[in-house]
Structures are given as C-alpha cells and as structure tokens.
Trainee: 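I have a structure here, written as structure tokens, and I will follow up with some questions on it.
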Amino acid sequence: MQSELILTKLPSEMLNSDRGETTFALESFSRGNTQGNFQSYAGKIRHLQSKNIDENFSGVIDLSLSFASINTVKYIAREEESSFTFNLEKFYLDYSDSLFNMNQTLRLGIQGTQTKTLAGSSVIGPAVSLFLKKYDHTISSGIFSIPAFRKFYISSQAQTKTSQLWSSSYQFESKLSETLSVEGALAYDYFTNLGPTNSFQSGLRGNSTIGNEITSEFLYDYSIVSTRASLTYQSKNWSLSPYLMAGENQGAYSFENKFYQVGLIANTEKLSGEFSFINIQKNSLIAIYTPSYIDATDINGQIIAAAYSFENKMKLTAQLGNFSRLDNAESFQSSTLNLSLGI
C-alpha cells in the first residue's frame, strides 16, 4: 500500500462512474537508524478502474506492478523485499439500494477499511462490509481477513497466519458556510487471531511480545477506539485544513496505549503541502499495520510532505519523516520521492 498521507493518496475509487486511470511512477524510498538502512528504487505501474454494471451493481479494481532495486544494510530481522511484486490493492463489487431515504451499500471483495485513522488506514484484505448513508452521515461495518505481510518487507521464514479484523465507523461532514466545512469520524477496530508472523515482526518495531519467530505472541489484545476531525477553509484559489487523529487501545495499560497525529494541509490548484506531529505509544497500535513511512510504535516525530501537479497529468511528491523512540531517544528517518504520470 502507498503512503497514507492525505495529500499523497492515489485517486479515490471514483464510484458511480465508468472511469479508468493508469499511473506510471518512479519512486525512491529510504529508511535508516543505528541498526542499518533500507533503500529501494522502484518503477511502478498502477491501474484503477471503476464500472457501473447496472443501477444497483458497480465494481472497482485497483492493481499494481512494481520492479524494485533493493539495498539493505544490517536491517532488522530476516526480512527481504521482493524485486518484483504484483499487488491487487482493491477488487470488490458493490450492491447499492435505497430504503427509508437511506442509501445502503453491501461491498464484497478485497478492500480497505473506512477507519481513516492510524488504527486501520493501512489494512487491506478480503472483506464483507455494509454502508448506511443518510444525508452527510455514514455508518460502516466490516469483517476483514488480513494476510500477515509487510508493505515493504516479506518474511520468508516465519510461519504465516491469516488474522481477522472487525472494523466499524461513523463519519459525518457538514458545510458551515460558503467557505468553511467540517468533517469527523469515530471508529472501532478489533483484531483477533493475530499469529506469530504479525507478533514477531511487530515486536521488532516496538510492540510488547514474547516468544521467538515461530512461537511469538502479543502481550496485549488490540481493541482500538479512535477519532478523526478536520476543519477546512476554502477560498477561491486555496484551502487550509487543520486535522487531528487520536485514539487508544483498550486492551493495553493506560501509560502505553494512546496515539495521536495533528497536522495542517494546504492546497492550491497545483501545489499541496502537509506538516504534522505524531506520537504513537508502545502498544497503542499493531506496529506492522502502521503507515509504511512510520513502520513502528513507541515513537514521536514530525512528517512533512509536498506534491506538485504539472499540466500534463504528471505529479511530483516528496515526503520526509523524522522520528525518535520514546523509550531511548534513538532517532530514525524515512524519505520518499515519487514522480508519476497518469493517463
């Protein structure tokens, strides 16, 4: 999955339309700390297609190919990055209907959660979800089957096991005036059947675990309540959006179970920018399901990103993160540079 920063997301699913978009990209990613460093240079092809089948049925397919050159020096564990990957990011079918002035959608297939906070934004897997929408209010709930994998790393020796996630959320948006709007969400994510692969890799990234690569287990359950809120001021040529994401894992002790991210997004017609502060306590999130530019818990830090859109559907995105461990102040950095062309 790509960076979960708001401004660097790929286009939305474009539901209720027959549209397709193919993106060609060159990307450089690096991450380093005192243990070593990881670098990759990748060429990526991604296609996103939506289709209205009839008045009730629609579908989305989102797939990507990646060819990467890898340079790893003393990086943690036995993790490897594949030089060639094929990812089915999304592939689902929607059935939509209306009853009592409420829109209802049943979604079946490979999809992401609707949480849109740090708790679930990086999770993708086979799922069945239900959406209920009335005016500007949406309630969603889904059962997910989650494969034990990393976004950049694939464990070649640990036992893999599929885990489950129940993810539910309430979201709203409201236009306060011609220039001011607000949106927010409240979400609950409950993870079960987390296997030794999830646990072992997460233990290397900050979570409390016991056991070795084959027998590893989490010390705590992960029952996460989270919230998100943003306020947008829209002028004729630019907009500003301060936002806050926060939550806690109700299955862990209070001094190590909270997280937050607070930031500001600025947009013009061609240029976007984002700056945020982030704090993730040790057992507030499952480390391997944190966004790929973080890839850890028990950290705080800053993230800055910018994107520029050219006239010919070309887009340049840069992202920098600087983080430090909460327990020992060890620092590490991550950076991403992406040049893409859409057709």
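Everything quoted here is computed from the prediction, not taken from an experiment. Numbering starts at 1 and runs along the sequence shown.
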Trainee: Take T215 and E217 through the test side-chain contact (heavy atoms from CB on, under 4.5 Å) and record every step on the way to the result.
Mentor: CA-CA 7 Å; T215 64; E217 296 180 0; over 6 Å; no

Trainee: For the residue pair Q49 and G20, what are the closest heavy atoms and their distance?
Mentor: OE1-CA, 3.4 Å

Trainee: Are there over 12 heavy-atom neighbours, none belonging to F91, within less than 6.0 Å of that residue's CZ?
Mentor: no

Trainee: Of all the heavy-atom pairs spanning A119 and I224, show the shortest one and how long it is.
Mentor: CB-CG2, 3.7 Å

Trainee: Give a yes or no on whether K134 atom NZ has more than 12 heavy-atom contacts from other residues, nucleotides or ligands under 6.0 Å away.
Mentor: yes

Trainee: Of S141, S223, S167, S169, which meets side chain to side chain contact (heavy atoms under 4.5 Å, CB included) against Y188?
Mentor: S223

Trainee: Does D94 pair with R107 as a salt bridge, N-O distance under 4.0 Å?
Mentor: yes

Trainee: Can you check whether F218's main-chain N or O pairs, donor with acceptor, with S199's side chain at less than 3.5 Å?
Mentor: yes

Trainee: Quick one: does any side-chain atom of S202 pair with a main-chain N or O of N198 as donor and acceptor, under 3.5 Å?
Mentor: yes

Trainee: Would you name the heavy atoms of Q281 and S254 that are closest together and state the gap between them?
Mentor: OE1-O, 4.0 Å

Trainee: Applying the side-chain hydrogen bond (donor to acceptor under 3.5 Å, both in side chains) criterion to N338, which one of E27, Q319, K44 satisfies it?
Mentor: E27

Trainee: Any side-chain to backbone donor/acceptor pair from S284 onto N257? Under 3.5 Å, distance only.
Mentor: no

Trainee: What verdict does the side-chain hydrogen bond (donor to acceptor under 3.5 Å, both in side chains) test give for Q171 and T138, after you've listed the backbone C-alpha separation in whole Å, the side-chain angles of each residue and the deciding distance to 0.1 Å?
Mentor: CA-CA 5 Å; Q171 302 179 62; T138 303; over 6 Å; no

Trainee: Carefully, step by step, assess N249 and L285 under the rule side-chain contact (heavy atoms from CB on, under 4.5 Å).
Mentor: CA-CA 7 Å; N249 174 22; L285 298 170; over 6 Å; no

Trainee: For S241, is there any backbone N or O sitting under 3.5 Å from a side-chain donor or acceptor partner on T232?
Mentor: no

Trainee: Report yes or no: do V225 and W166 belong to one cluster of Ile/Leu/Val/Met/Phe/Trp/Tyr joined by side chain heavy-atom distances under 4.5 Å?
Mentor: yes

Trainee: Just by modelled atom types, is the I280 backbone N or O under 3.5 Å from a matching donor or acceptor in the N300 side chain?
Mentor: no

Trainee: Could you label the plane-to-plane angle of the F310 and Y308 rings as parallel, tilted or perpendicular, counting under 30° as parallel and over 60° as perpendicular?
Mentor: perpendicular

Trainee: Would a distance-only check, ignoring hydrogens and angles, find a side-chain to backbone donor-acceptor pair under 3.5 Å from T290 to A287?
Mentor: yes

Trainee: Do the side chain of T297 and the main chain of K282 share a donor and acceptor less than 3.5 angstrom apart?
Mentor: yes

Trainee: When the ring centroid of Y220 is compared with that of Y253, is the distance short of 6.0 Å?
Mentor: yes

Trainee: If two hydrophobic side chains count as joined below 4.5 Å and joins carry through other members, does L341 share a cluster with L271?
Mentor: yes

Trainee: Check the pair T105, S96 against side-chain hydrogen bond (donor to acceptor under 3.5 Å, both in side chains), reporting the backbone distance first and the verdict last.
Mentor: CA-CA 4 Å; T105 300; S96 300; 3.1 Å; yes

Trainee: Give me the atom names and distance for the closest heavy-atom approach of V182 to L231.
Mentor: CB-CD1, 4.1 Å

Trainee: Search all heavy atoms of Y92 against all heavy atoms of I110 and return the closest pair with its distance.
Mentor: CD2-O, 3.4 Å

Trainee: Do other residues, nucleotides or ligands put more than 12 heavy atoms under 6.0 Å from K258 NZ?
Mentor: yes

Trainee: Using modelled atom types and a 3.5 Å cut-off, is there a donor and acceptor pairing between side-chain atoms of N312 and backbone atoms of M314?
Mentor: yes

Trainee: Given side-chain contact (heavy atoms from CB on, under 4.5 Å), test T317 with T336 step by step and report yes or no.
Mentor: CA-CA 8 Å; T317 302; T336 304; over 6 Å; no

Trainee: Output all residues satisfying side chain to side chain donor-acceptor pair (under 3.5 Å) with S230, sequence neighbours left out; order by chain, then residue number.
Mentor: none

Trainee: Are Q104 and D97 close enough, and set up right, to give a side-chain hydrogen bond (donor to acceptor under 3.5 Å, both in side chains), and what steps lead you there?
Mentor: CA-CA 5 Å; Q104 299 135 39; D97 205 347; over 6 Å; no

Trainee: Heavy atoms only: give me the nearest N193-S163 pair and the separation to one decimal.
Mentor: O-OG, 3.1 Å

Trainee: With distance as the sole test, does K175 use its side chain to make a donor-acceptor pair with the main-chain N or O of E178 at under 3.5 Å?
Mentor: yes

Trainee: Run the numbers on E248 and F259 for side-chain contact (heavy atoms from CB on, under 4.5 Å), then give the verdict.
Mentor: CA-CA 6 Å; E248 70 174 35; F259 65 89; 5.9 Å; no

Trainee: If we ignore hydrogens and angles and just use 3.5 Å, is the side chain of N267 paired with the main-chain N or O of S239 as donor and acceptor?
Mentor: no

Trainee: Aromatic rings Y233 and W238: how do their planes relate, parallel, tilted or perpendicular, breaks at 30° and 60°?
Mentor: tilted

Trainee: Between E21 and R46, does any NZ, NE, NH1 or NH2 come within less than 4.0 Å of an OD or OE carboxylate oxygen?
Mentor: no

Trainee: Could you state the interatomic distance from OH (Y222) to CG (L194), rounded to the nearest 0.5 Å?
Mentor: 8.5 Å

